[in-house]
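Each remark here refers to the structure printed beneath this line.
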Amino acid sequence: MSTANEMMNCEQYRQAVAAEPAFDGAAEHVSVCAACQAFRDEMRALDAGIAKALQLEPPTLTLPELPTIDVQDNDAQDNVVSLASRRSLPTPGWIALAASVMLAAFIGIRMFAGVDNISLADEVLAHLDHEPAALVVSTTPVTDARLASVVPATVAHMDHGAGLITYARSCEINGKTVPHLVIQGERGPVTILLMPDEPVAVAETLDGDNVHGVILPVGNGSIAVIGARDEPLERIEKSVLSSVAWST
Amino acid sequence: MNSSRTDAARRQKFDQLVVVFHADMYRYAAWLCRDKAIAEDVVQEALLRAWKSLDALRDEAAAKHWLLTIVRRENARHFERRRLETVDIDNLTASQSALLAEAPDEQRDELREAIYELEDEYREPLVLQVMMGYSTSEIAELMGLKQGAILTRLHRARLKLKDKVARDNQARDKQE
């Protein structure tokens, strides 16, 4: 949806908003149409309720029995690996097996004991590893609609003062859906995670393989700011703090 | 030695994916099939299939989309011949009603029931948009539909939910 579509009538506007409550086009129309304003607000409130209703508690994670995969075999990329293709474990295989057991135990402990054993900093750094697409240099900003969809008004208010936002997606940290944003810094992309329900008492330093950052206490929650190791983050931290306000 | 290192790295990659995306996989499956037990089965099958074809995942940035696509296919396989288009909310099995039973919250529960009762074609894009943060073009790609069709379905889904909420509010007002 583009903001260029200014000549909408009420019906067209309401169709657009009902399909995407974050729709921000037809500003001229909605600014003078109280009924459409009310409809838009109603849709956005409904969406906040839908988001809450959809959040089911996942069961404890149990992995299925995983067959051994011969990674040298191109057939492993197919969807089926027959039992006949299993190979016996040579002695070094026990190393892999031991590593697997350790990792499974790690997951088990995390699931059974809650997230207390995994620090928020670890969770944030692990999450970054899984969204490398977010970490591309870009000059294309996300649309206002996309930003409003990922950072709904019920969670936080955010203006564009933080910088050029080139990526926005809802992600999960510690079992909670949080806005994951990327702005372009001096040395490359900088990740911002808005975590309104993750309080930290004091600022926590993040130190990954090639990244550094900080989790800043903000009200009853926190905001993580992570960039490349040589990225100066102080200015970005200040601009993010001044452009974000929790809604609750 | 190299082989065992590769095996361990493969397993580590898989475990990390599972830790990060298991909840999303379960919630997507649960809202697709509307049954807690079946959702857990679908996720187990999807994890197994993901493990077997992990080497096909070249771009880790696409991991979430890849896993959700596997969940979607596994769910379709499960219901290949007996896909339920509608469910009578007053006549649920224990496993179906377990999906709706959490700590009580009247308004959330009413909306959850309303989402539960939505037809598949309306519920799925809504889940992908609101819960997974997908754009309408991404939903269209995943569901193999045109973006216009997705916009129409999302529009209708919200109007259905809006009407249901209004009816529930009226009924509550009458009781009071």
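We name chains A, B, ... by the order of the sequence lines, and we start the count at 1 in each one.
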(message) A side-chain contact here means heavy atoms from C-beta on lying under 4.5 Å apart; do L63(A) and W51(B) qualify?
(response) no
(request) Evaluate the criterion side chain to side chain contact (heavy atoms under 4.5 Å, CB included) for residue pair E40(B) and T62(A); output intermediate values, then yes/no. (result) CA-CA 10 Å; E40(B) 290 181 29; T62(A) 50; over 6 Å; no
(message) Do T136(B) and E20(A) have side chains that approach each other closer than 4.5 Å (heavy atoms only, starting at C-beta)?
(response) yes
(request) Quick one: closest heavy-atom pair of A53(A) and W31(B), and the distance? (result) O-CZ2, 3.5 Å
(request) Show your reasoning for whether side chain to side chain contact (heavy atoms under 4.5 Å, CB included) applies to L46(A) and R158(B). (result) CA-CA 8 Å; L46(A) 177 66; R158(B) 285 196 175 86; 4.3 Å; yes
(request) Answer yes when E172(A) and R27(B) have at least one side-chain N-carboxylate O distance shorter than 4.0 Å, and no when they do not. (result) yes
(request) Kindly indicate, with the supporting measurements, whether the criterion side chain to side chain contact (heavy atoms under 4.5 Å, CB included) is fulfilled by R11(B) and L66(A). (result) CA-CA 10 Å; R11(B) 180 59 195 255; L66(A) 301 174; 3.6 Å; yes
(request) Report the distance from atom CD of E65(A) to atom CG of L47(B), rounding to the nearest 0.5 Å. (result) 14.0 Å
(request) Could you check if a side-chain atom of R112(B) sits within less than 4.5 angstrom of a side-chain atom of K52(A), using non-hydrogen atoms only? (result) no
(message) If I take atom CE from residue M25(B) and atom CG from residue L61(A), how far apart are they, to the nearest 0.5 angstrom?
(response) 9.5 Å
(request) Report yes if the side chains of L48(B) and P67(A) come closer than 4.5 Å at any heavy-atom pair, otherwise no. (result) yes
(message) Looking at every non-hydrogen atom in both residues, tell me the closest pair between H155(B) and A18(A) and how far apart they are.
(response) CD2-CB, 3.3 Å
(message) To check you understand the geometry: which heavy-atom pair defines the closest contact between S170(A) and K64(B), and what is its length?
(response) O-NZ, 3.5 Å
(request) Might you point out which heavy atoms bring A19(A) and Q129(B) nearest each other, and give the distance in Å? (result) O-NE2, 3.1 Å
(message) Ignoring hydrogens, what is the shortest heavy-atom contact between L126(B) and L54(A)? Give both atom names and the distance.
(response) O-CD1, 4.4 Å
(message) Any salt bridge linking R169(A) with E138(B)? Criterion: basic side-chain nitrogen under 4.0 Å from a carboxylate oxygen.
(response) yes
(message) Is Y134(B) close to chain A through its backbone or its side chain, or both, or neither, when contacts mean heavy atoms under 4.5 Å?
(response) both
(request) Count the heavy-atom pairs under 4.5 Å between each of L111(B), T152(B), V43(B), V127(B) and chain A, then report the option with the highest count. (result) L111(B)
(request) Determine the minimum heavy-atom distance between K162(B) and F39(A), stating which atoms define it. (result) CE-CE1, 4.0 Å
